[in-house]
Amino acid sequence: MPQTPEAPSPFSARPLTRTLSLAGPAAAFVAVGLIAFPTPALAEPREDANGADRNEIAAGPGSLPAGPGAADTMSAGLDGVGIDPGAAYPRQTELPEPPEDPDDASVKLDLVPYHGIAPALNELQETSDRVSVEVIGESLQGRDLYLVTLTEPETRAEARHQQRMRELIAENPERAARDRTLPDRYKTPVHVNANIHGNEWEGTDASLRIIEELATAEDEQTLDLLGTSRLYFTVTANPDGRVAGTRANSAGFDLNRDFVTVSQPETAVIRQVMMDTQPLVMIDQHGYVNGTLIEPATPPHGQNYEYDLFIKNTYANGLAMEQAVLDLGYTPEDDGVRPPQIPFRDWEDGWDDWPPIFTPMYAPYQGAVAAATIEFPLRVNNADYNLPETELHRRTAINTDISAATIEATLDFAHENREELLGDQIEVFRRGAAGEEQVVPPEDWVPGFGPEDVYTTDFPRAYVIPVGQGQRSAPAAARLVDFLIANDVRVERSRNAFELDGTSYPAGSYLVDMHQPKRGMANVLLEDGRDITEDIEAMYDISGWSHGRLWGATVESTDSAPPGATDPVAEAAPTGAVEGDGDWTLRLDDAADVSALNDLVAAGAGVTWAGSGTVRVPAEAADAVAGAAEQHGAVFDPAEAETGTGSVTDGPPVPETVNVAVAGAADEVHTLGELGFDIETVSTAVLNDGFDWSGTDVLYVSSGLVYADLDEQARADLDAFLEEGGVVARGRTGARFNQEAGLLDVRHQAGRSGANGVVLVEDGDGELAGTGGYGFVYSPGWFTDLGPGVAAEQTYGAEGPLLAGHWRAAADGSGGQDAAAGQASVVSGVAAPGASVVLFGTEPLFRNHPKGSFGQVAQALYWTAAPAETQ
């Protein structure tokens with residue numbers, strides 16, 4: 001069971017920061033408690049184009065992968081450039097200065113446009129040897145991503161000394177805890193991230209303001225701060241969105257939802273910065289919530305945190321930031337600025353820190369013991385972007401002031417509490433390495449902390465990712481291992497066959513020993529998760545995820561210590577294999593298998609269907625098979641002996657091309673492009689403008705296409721396509737399209753719109769292979785009253801579908817888990833017009849995450865692209 005500390009309160013030993021003029025922390029709590037806080041106002045997540053209501057938002061052409069090879073660079077293991085830990089400071093780079101762009105959305109707001117950032121940083125580097133600027137990667141559209149570091153100059157020897165101390169903390173925390181000289185020698189790392197949402201601009205300008213002030217100030221406090229700290233600023237994490245004035249990046253992804261998947265280059269860069277710098281404190285600048293929202297967050301709290309340490313530091317910093325904002329003197333009456341609000345203190349639910357998809361919710365797994373989102377108050381994006389420029393400039397000036405105040409307060413907090421923060425980071429890593437239970441703090445550990453804030457987990461002793469005969473996809477296992485390593489999780493590989501808990505595993509299987517410093521990172525990726533439906537009324541975003549269940553590999557937990565004969569893994573072993581001679585079979589379990597199949601089809605390999613998500617490749621294609629296995633890591637098995645059904649060429653042929661018209665969300669467009677399909681984006685408007693269907697094999701519908709809203713000619717053109725072309729459709733929009741176009745005879749049932757998570761599924765009796773027993777839902781759907789010729793390809797678990805997540809019934813009792821249990825989650829059939837159709841009630845491509853479902857979608861596209869008479 002989790003431990004309970006004996007200390008009554010973490011605040012008794014020290015004041016919060018210099019910005020509080022009250023007598024001590026107790027007075028600070030009383031003072032801020034007297035403020036009348038407004039009703040919480042949510043920021044923009046409910047409008048997130050990657051969330052439940054994305055069905056009405058069709059992706060545009062900009063969401064397509066950026067040319068040949070884009071799929072390779074967008075893999076789950078995508079790495080940031082990283083930082084040379086041993087280089088001296090300053091590390092000054094003459095930044096290339098982009099040409100002036102008058103259409104940059106920042107210009108209208110009187111904020112620094114992207115093209116103005118490099119000149120400003122170049123000037124600061126010339127002005128001060130405290131300022132270092134490095135290009136740490138590129139955005140999807142090729143804009144440089146900058147890391148600014150503020151610290152006093154260091155020789156290479158001094159920088160290497162800092163590197164060794166950082167490594168000691170992360171790799172041998174027990175020894176670091178015994179080193180009493182470490183707090184005096186180690187520079188406090190703090191990370192400020194800005195503008196990860198492109199149309200939440202002011203954090204960039206506030207960061208530049210603070211950088212400029214610290215670059216030249218000569219007061220004793222500044223000199224001491226820079227002599228004992230390294231301050232890291234990612235001044236714009238989403239330059240493409242900043243220029244375009246969009247929340248998402250140029251692929252249509254919300255980068256602040258991507259840290260559990262890391263599908264985008266910008267996310268990979270920020271992840272690498274956090275791993276390379278190992279910040280004690282991290283803050284993320286956002287907008288817009290009035291009054292200013294300052295975390296910590298409401299329940300549920302991430303159950304893999306060492307939350308006792310996290311909440312005491314994050315709350316203390318939150319109070320310091322709140323006071324700094326109040327000290328600016330802005331009022332509702334004069335400025336339209338309400339007092340700040342802290343969700344942990346002021347809300348019951350709805351702004352939680354449960355999933356690690358957000359930057360500050362990922363940071364604790366890399367060592368941050370205080371991390372927070374800040375939402376400055378006055379909206380200037382979306383419809384408000386059209387306000388008069390004088391009003392926009394007034395608002396952005398206030399927002400920049402508030403953002404800067406929270407940054408300055410955080411730097412003060414980190415500096416004044418550096419020894420305690422460092423001790424807490426070491427303790428997080430020490431508990432992980434020792435395999436100790438989590439600590440449950442007593443009630444009022446911080447004011448207001450109670451039983452509703454306690455979320456803990458039981459860590460297994462180890463995880464096993466087996467390889468070899470009978471296991472799920474080998475490419476999926478390799479991808480998962482590489483992803484773990486990319487997130488700084490230690491993975492080992494067995495030298496010999498072994499047995500744990502009565503189960504035998506082959507040599508070469510991967511092991512994750514949970515006695516490691518970053519066990520929270522390992523567990524939050526690999527565990528099943530938790531059904532929190534009854535724990536909380538409302539969630540801010542997704543409630544369930546699981547790389548162990550959704551990424552297509554076999555992952556098993558054990559309470560036994562892993563075997564001793566293992567080797568550390570720097571990267572997964574190659575998986576590509578061609579077994580035996582003669583004809584081969586390829587199961588489409590994984591994205592790697594799909595990519596291999598697309599290569600084979602393009603090479604004219606004569607591939608045919610072999611049933612249940614498997615294709616057959618003739619011996620004559622040996623060279624193409626070898627190339628596909630090597631490039632994609634796919635595994636080709638010997639074809640089974642003939643059973644009187646004829647030769648391989650008698651099976652239905654796999655179509656030579658699959659050209660897909662996609663009315664889908666940005667994440668779906670991106671993922672389908674990664675898989676190697678030829679894509680053209682469409683919508684109601686595109687079809688009404690006139691669309692040539694002659695080159696299309698399949699129509700994918702999930703967003704932005706309403707059959708009833710098509711004009712007469714567009715509908716006639718589409719109907720003509722549906723006489724032979726295929727349809728794959730998802731969600732409510734897809735179900736509505738199916739009904740209005742008169743395709744499959746089924747009834748679609750809808751769950752609660754915000755319900756989401758990892759679900760148990762069972763294979764049906766159709767043509768498509770399953771997903772290993774697991775799927776993902778967001779706004780789940782299912783199908784009843786299946787008409788003649790309609791097959792259930794997959795059903796929800798009969799005993800209750802939800803494994804992890806949040807899925808409540810609607811107020812009238814409808815749409816809950818019980819209603820979906822045992823019902824069809826994916827159906828297929830040939831419609832009366834002649835189209836082959838597959839309908840999904842699950843979310844198989846959601847945010848590029850449930851990778852174990854990608855093969856199922858690809859099978860659906862190939863199956864529906866084939867002529868109906870071959871089905």
Side-chain angles (χ1 to χ4, degrees), residues 55-61 652 655-665 668-669 672 677-748 750 766-768 781 783 785-791 793 824 826-841 857-871:
N55 286 343
E56 300 308 320
I57 307 171
E656 293 184 0
T657 60
V658 179
N659 298 312
V660 188
V662 181
E668 295 172 302
V669 172
L672 292 173
F677 293 102
D678 292 326
I679 293 171
E680 186 168 4
T681 56
V682 297
S683 63
T684 303
V686 169
L687 299 191
N688 282 337
D689 286 342
F691 182 74
D692 181 5
W693 288 98
S694 61
T696 301
D697 300 300
V698 181
L699 171 63
Y700 183 99
V701 182
S702 67
S703 304
L705 176 55
V706 180
Y707 183 88
D709 290 346
L710 296 174
D711 61 34
E712 184 176 354
Q713 183 60 54
R715 192 177 303 175
D717 292 342
L718 175 56
D719 289 344
F721 167 78
L722 294 175
E723 292 180 4
E724 294 183 357
V727 174
V728 176
R730 176 199 60 80
R732 302 183 189 204
T733 296
R736 178 172 58 179
F737 178 86
N738 175 75
Q739 180 181 8
E740 293 178 349
L743 301 177
L744 296 190
D745 182 13
V746 296
R747 181 185 297 273
H748 176 260
E767 296 294 327
L768 311 183
F783 304 95
D785 304 322
L786 275 59
V790 178
E793 294 283 353
V826 182
V827 297
S828 68
V830 178
S836 300
V837 180
V838 176
L839 304 178
F840 284 88
V857 176
Q859 292 172 43
L861 292 171
Y862 270 109
W863 184 78
T864 56
E869 59 268 19
T870 68
Q871 310 292 12

Can you confirm whether Val682 sits close enough to Leu687 that some side-chain heavy atom of one is under 4.5 Å from a side-chain heavy atom of the other?
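A side-chain contact under 4.5 Å exists here.
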Can you confirm whether Val686 sits close enough to Thr681 that some side-chain heavy atom of one is under 4.5 Å from a side-chain heavy atom of the other?
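Side chain of Val686 against side chain of Thr681, heavy atoms only: no contact under 4.5 Å found.
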Partner set under side chain to side chain contact (heavy atoms under 4.5 Å, CB included) for [X], not counting sequence neighbours:
| X | value |
| --- | --- |
| Ala750 | Arg732, His748 |
| Ala708 | Val706, Glu740 |
| Asp711 | Asn688, Gln713, Ala714 |
| Asn738 | Leu743, Leu744, Val746, Val837, Leu839 |

Would you please test Ser702 and Glu668 for side chain to side chain donor-acceptor pair (under 3.5 Å) and show each step?
CA-CA 9 Å; Ser702 67; Glu668 295 172 302; 2.5 Å; yes
List in chain and number order the residues that pass salt bridge (charged side-chain N to carboxylate O under 4.0 Å, His left out) with Arg715, two or more places apart in sequence or in another chain; answer none if no residue qualifies.
none
Of all pairs that satisfy salt bridge (charged side-chain N to carboxylate O under 4.0 Å, His left out), the ones with a partner from residues 683-692, not counting sequence neighbours
none
Results of ring pair (Phe, Tyr, Trp, His ring centres under 6.0 Å) for Phe840 - residues two or more places apart only
none
Suppose we screen for side chain to side chain donor-acceptor pair (under 3.5 Å). Which residues come up paired with Gln859, at least two apart in sequence or across chains?
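Per chain and number, Gln859 pairs via side chain to side chain donor-acceptor pair (under 3.5 Å) with no residue.
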Verify the ring-centre separation between Tyr700 and Phe737: is it less than 6.0 angstrom?
no
Quiz question: by atom type and distance under 3.5 Å, do the side chains of Asp697 and Tyr862 form a donor-acceptor pair?
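Distance-only check fails for Asp697 and Tyr862.
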Pairs touching residues 678-697 that satisfy ring-ring contact (aromatic ring centres under 6.0 Å, His included), sequence neighbours left out
Phe691-Trp693, Trp693-Phe721
